[in-house]
2 protein chains.
Amino acid sequence: MEHSSQLLKGVLDMVLLALIAEEPSYGYEMVDKLQQKGLELVSEGSIYPLLSRLQKKGYIAGYFVESAGGPPRKYYRIEKSGRQQLADWSEEWNRLSAGVGGVLDGHNGGNHG
Amino acid sequence: MEHSSQLLKGVLDMVLLALIAEEPSYGYEMVDKLQQKGLELVSEGSIYPLLSRLQKKGYIAGYFVESAGGPPRKYYRIEKSGRQQLADWSEEWNRLSAGVGGVLDGHNGGNHG
DNA sequence: CCCGGCTACCTTGTGTAATAAGGTATCACG
DNA sequence: CGTGATACCTTATTACACAAGGTAGCCGGG
């Protein structure tokens, strides 16, 4: 199994929220967007439960939109509390990734691309 | 529960490996080092199983060293395969954190400092 | 000697979370 | 009607960190 999958833990919800913050989107499309952004390993099975969780917490709101060639799409848009949560998570992420980056730097004297 | 805990998933093993790569260390001390580096929430219960796992995979090797005021310490040093693994994980981490950073940037036009 | 506190190790039970695999339904094409 | 693409959702599995608890050596005070 990919180690990256494990790295994603606790990150995916934030990433999804950020994606929706940019512009409303639906599950099937988000998988695609994420791949384009470099997060290639995200699968549908992972994001639908997440989207439900996010909605249940009030961070996003879902609404159906008719599609030309397929079933209706369930779009999500970000709510006010979602923006706040995203800001909090972003800070948390920045702190953590800085910490990890620092430890990683240590082992070779300061070089991480 | 802290969301940060979830962010750590799949990262802790890499961080521990990086720490040991800098210089050999033992569990009890690593908790302390991690706190100084900004990863404040790591507890003993989390790292001992990880250290065992890392050793079992051959990335690190353990050896006991007598201590002045306490029981002997179990130091770990990094092995060759551990260095290789660390390099791989580092790259993986850099890719992922860049990807996440990119998505995070998107929602406000490029600001994460 | 016994106790409390510090160092230092390790294990078990619990909760969170992503994945793989599978299921439902709509629309287009032949 | 069957096939394939789009699009949604759920269940069983597996991985992982954490909290709590347990063992044990060393030291100082009573």
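Proteins get letters first, then strands, A, B, ... in listed order; numbering begins at 1 in each.
Under a 4.0 Å N-O distance rule, the pair A:Lys33/A:Glu23 qualifies as a salt bridge. Using a 4.0 Å cut-off between charged side-chain N and carboxylate O, A:Glu22 and A:Arg83 make no salt bridge. Here B:Lys56 does not pair with B:Glu79 in a salt bridge; the nearest charged N to carboxylate O distance is not below 4.0 Å.
One atom, CG of A:Leu39, and another, P of C:dA18, lie 12 Å apart when rounded to the nearest Å. The NZ atom of B:Lys74 sits 17 Å away from the C1' atom of C:dT7 (whole-angstrom rounding). Rounded to an integer number of Å, the gap from CG of A:Leu34 to P of C:dA18 is 12 Å. Distance CG (A:Leu51) to C1' (D:dT10): 15 Å, rounded to an integer number of Å. Rounded to an integer number of Å, the gap from CE of A:Met30 to C1' of D:dT6 is 15 Å. When the P atom of D:dA5 is taken as reference, atom CZ of A:Arg73 falls 17 Å away, rounded to whole Å. Rounded to whole Å, atom P of D:dT6 lies 12 Å from atom CD of A:Glu29. If you take CZ of B:Phe64 and P of D:dG25, they are 13 Å apart, rounded to a whole angstrom.
Using a 4.0 Å heavy-atom distance criterion, B:Leu50 is classed as a sugar-phosphate-only contact. Contact annotation for B:Glu44: base contact, defined as any heavy-atom pair under 4.0 Å involving a base atom. B:Ser67 comes within contact range of the sugar-phosphate backbone alone, with a heavy-atom separation under 4.0 Å but no base atom that close. Residue-level contact check: A:Leu12 touches the backbone only, with heavy atoms under 4.0 Å from sugar-phosphate atoms and none from bases.
Within the 4.0 Å cut-off from OP1 or OP2 of D:dC8, not a single side-chain nitrogen or oxygen of A:Tyr26 is found. Regarding contacts with the backbone of C:dT7, a side-chain N or O of B:Tyr28 is found under 4.0 angstrom from either OP1 or OP2.
Mapping B:Ser43 and B:Arg53 onto DNA chain D via the closest heavy atom, the residue that lands nearer the 5' end is B:Arg53. Between A:Gly45 and A:Glu66, it is A:Gly45 whose nearest contact on DNA chain C lies nearer the 5' terminus. Judged by closest nucleotide on DNA chain C, B:Ser52 is the one of A:Pro72 and B:Ser52 placed further toward the 5' end.
We find the CG-NZ distance between B:Asp13 and B:Lys57 to be 7.0 Å, quoted to the nearest 0.5 Å. Considering CG of A:Leu86 and OG of A:Ser81, their distance stands at 11.0 Å, rounded to 0.5 Å.
If you check D:dC8, C:dC9, D:dT6 against the side chain of B:Tyr48, the one that comes closest is C:dC9. Closest to the side chain of B:Pro71, out of D:dA7, D:dC8, D:dA24, is D:dA24. Closest to the A:Pro49 side chain, of the nucleotides C:dA8, D:dT6, D:dT10, is D:dT10.
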